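Have a look at the structure below, then the notes.
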Amino acid sequence: MNEKELIKDVVYRFYEKATADFLIGHHFRKIQEFQGENILKPPMEAFASHLPIIERFWRMQLLGEKLQENERPFNLIKKHEYLKIRQGELGRWVVLFKETLSELEKEQRESSELIKEWEKRIDLFESIFKKSPILLGNHL
């Protein structure tokens, strides 16, 4: 599996978990495009326009892809401000994402430098979110 395919796989696997998760699923369901039969487990097709954006974000982070001429820089904190994320929810996001990476690494039966870098980026974003008064300041 090449690096772009790996990123897509991880993003989709993570979203399958997170969108149905008891603690953070409600945040993901705020952006779904339509509702499926099971309200608490939306189909991945309901995120068809969002998932490529998330894949692109991670390719930029992990593979160094550059913004296209028509793309504007992405402010991660501002983009998530409306969610009013709580510290426990942030922690759950980290646990689910790292769990997803670990599962994939076990399936591949080899340690991947990309996965190790991804885990470092997750830790970085967690610390950025924890320091943000916009996201967590009033909810601790």
Side-chain angles (χ1 to χ4, degrees):
M1 177 180 313
N2 72 37
E3 291 177 331
K4 287 183 180 183
E5 290 170 342
L6 185 130
I7 289 171
K8 181 177 182 175
D9 193 23
V10 168
V11 167
Y12 276 70
R13 287 178 187 220
F14 170 75
Y15 265 71
E16 286 176 345
K17 290 179 185 185
T19 57
D21 187 72
F22 71 97
L23 187 58
I24 62 173
H26 66 102
H27 288 305
F28 291 87
R29 291 189 293 273
K30 292 174 186 175
I31 60 165
Q32 72 188 58
E33 296 168 29
F34 62 88
Q35 200 170 48
E37 290 180 24
N38 184 343
I39 293 170
L40 298 177
K41 186 167 177 37
M44 286 298 97
E45 296 81 20
F47 302 94
S49 63
H50 184 71
L51 288 168
I53 295 167
I54 302 306
E55 286 177 55
R56 176 94 168 101
F57 170 80
W58 283 115
R59 286 195 316 267
M60 290 172 71
Q61 293 299 312
L62 300 166
L63 304 179
E65 284 190 12
K66 305 290 182 206
L67 288 171
Q68 302 297 318
E69 281 185 35
N70 61 342
E71 288 181 305
R72 292 179 26 192
F74 184 83
N75 184 326
L76 191 63
I77 298 297
K78 281 286 193 191
K79 197 74 170 165
H80 291 86
E81 181 178 9
Y82 78 98
L83 295 173
K84 298 183 179 9
I85 298 169
R86 298 177 185 274
Q87 190 162 350
E89 294 169 332
L90 175 62
R92 183 67 178 164
W93 180 89
V94 169
V95 165
L96 289 178
F97 218 112
K98 286 187 174 183
E99 180 181 279
T100 303
L101 291 170
S102 177
E103 289 168 0
L104 190 69
E105 194 170 35
K106 285 177 187 170
E107 285 175 22
Q108 291 183 345
R109 297 185 183 160
E110 63 181 61
S111 182
S112 163
E113 289 304 315
L114 183 70
I115 289 175
K116 287 184 184 353
E117 181 60 31
W118 208 332
E119 289 173 341
K120 289 178 189 175
R121 296 293 171 115
I122 289 169
D123 292 340
L124 173 66
F125 291 127
E126 179 184 27
S127 70
I128 291 169
F129 272 63
K130 280 182 175 178
K131 291 175 186 173
S132 170
I134 293 173
L135 292 174
L136 297 171
N138 297 321
H139 307 293
L140 297 176

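Positions are given from 1, in the same order as the sequence printed here. Remember, predicted model here, so these are calculated numbers, not experimental data.
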Cluster membership besides Val95, Ile/Leu/Val/Met/Phe/Trp/Tyr side chains within less than 4.5 angstrom, sorted by chain and number, is none
Taken in chain and number order and not counting sequence neighbours, the residues that satisfy side-chain contact (heavy atoms from CB on, under 4.5 Å) with Ile128 are Ile77, Leu124, Phe125
Any side-chain heavy-atom pair from Ile115 and Val10 closer than 4.5 angstrom?
-> no
Mind checking what makes side-chain contact (heavy atoms from CB on, under 4.5 Å) contact with Lys4, not counting sequence neighbours?
-> Asn2, Arg59, Leu63, Glu65
By side chain to side chain donor-acceptor pair (under 3.5 Å), Glu45 pairs with (sequence neighbours left out) none
How close do Ala48 and Glu33 get, heavy atom to heavy atom, and via which atoms?
-> N-OE2, 3.5 Å
Listed by chain and number, what are the salt bridge (Lys or Arg N to Asp or Glu O under 4.0 Å) partners of Lys98, not counting sequence neighbours?
-> Asp123
Contacts of Ser127 that satisfy side chain to side chain donor-acceptor pair (under 3.5 Å) - sequence neighbours left out | none
Leu62 and Glu3: side-chain contact (heavy atoms from CB on, under 4.5 Å), yes or no, with the steps?
-> CA-CA 9 Å; Leu62 300 166; Glu3 291 177 331; over 6 Å; no
Quick one: does Val11's side chain get under 4.5 Å of Phe57's, heavy atoms only?
-> no
Which other residues end up in the same hydrophobic cluster as Leu67, if Ile, Leu, Val, Met, Phe, Trp and Tyr are linked when side-chain heavy atoms come under 4.5 Å apart?
-> Met60
Distance-minimising heavy-atom pair for Met44 and Leu51 = O-CD1, 4.0 Å
May I ask whether Val94 and Phe22 are part of the same hydrophobic cluster, defined by side-chain heavy atoms of I, L, V, M, F, W, Y residues being less than 4.5 angstrom apart, directly or through others?
-> yes
Going by heavy atoms in the side chains, are Glu105 and Lys116 under 4.5 Å from each other?
-> yes
For Glu37, enumerate each residue passing the side-chain contact (heavy atoms from CB on, under 4.5 Å) test, keeping only those at least two apart in sequence or located in another chain.
-> none
Looking only at non-hydrogen atoms, find the nearest pair between Gln61 and Arg121 and report the distance.
-> O-NH1, 2.8 Å
If you look at every heavy atom in Ala20 and Arg29, which pair is closest and at what distance?
-> CA-NH1, 4.2 Å
From Tyr15, Phe14, Trp118, Tyr12, residue fulfilling ring pair (Phe, Tyr, Trp, His ring centres under 6.0 Å) relative to Trp58 | Trp118
Close side-chain approach of Leu6 to Gln108, heavy-atom, < 4.5 Å = yes
Least distance between heavy atoms, His80 atom then Ile85 atom = CB-CD1, 4.2 Å
In chain order, what residues pass the side chain to side chain donor-acceptor pair (under 3.5 Å) check against Lys66, with sequence neighbours excluded?
-> none
Can you sort out the partners of Ile31 under side-chain contact (heavy atoms from CB on, under 4.5 Å), two or more places apart, ordered by chain and number?
-> Phe47, His50, Tyr82
Would you list the pairs meeting salt bridge (Lys or Arg N to Asp or Glu O under 4.0 Å) in which at least one residue belongs to residues 8-28, sequence neighbours left out?
-> Asp9-Arg13, Arg13-Glu107, Lys17-Glu99, Lys17-Glu103, Asp21-Arg92
Find the distance between CD (Glu126) and NZ (Lys130) and round it off to the nearest 0.5 Å.
-> 4.0 Å
In Å and rounded to the nearest 0.5 Å, what is the NZ to CZ distance from Lys131 to Phe129?
-> 13.5 Å
First locate atom CD1 of Ile7, then atom CD1 of Ile54, and finally report the distance between them rounded to the nearest 0.5 Å.
-> 12.5 Å
Hydrophobic cluster membership, Ile53 vs Phe34, 4.5 Å side-chain cutoff = no
Residue set satisfying salt bridge (Lys or Arg N to Asp or Glu O under 4.0 Å) with Lys120, at least two apart, ordered chain then number -> none
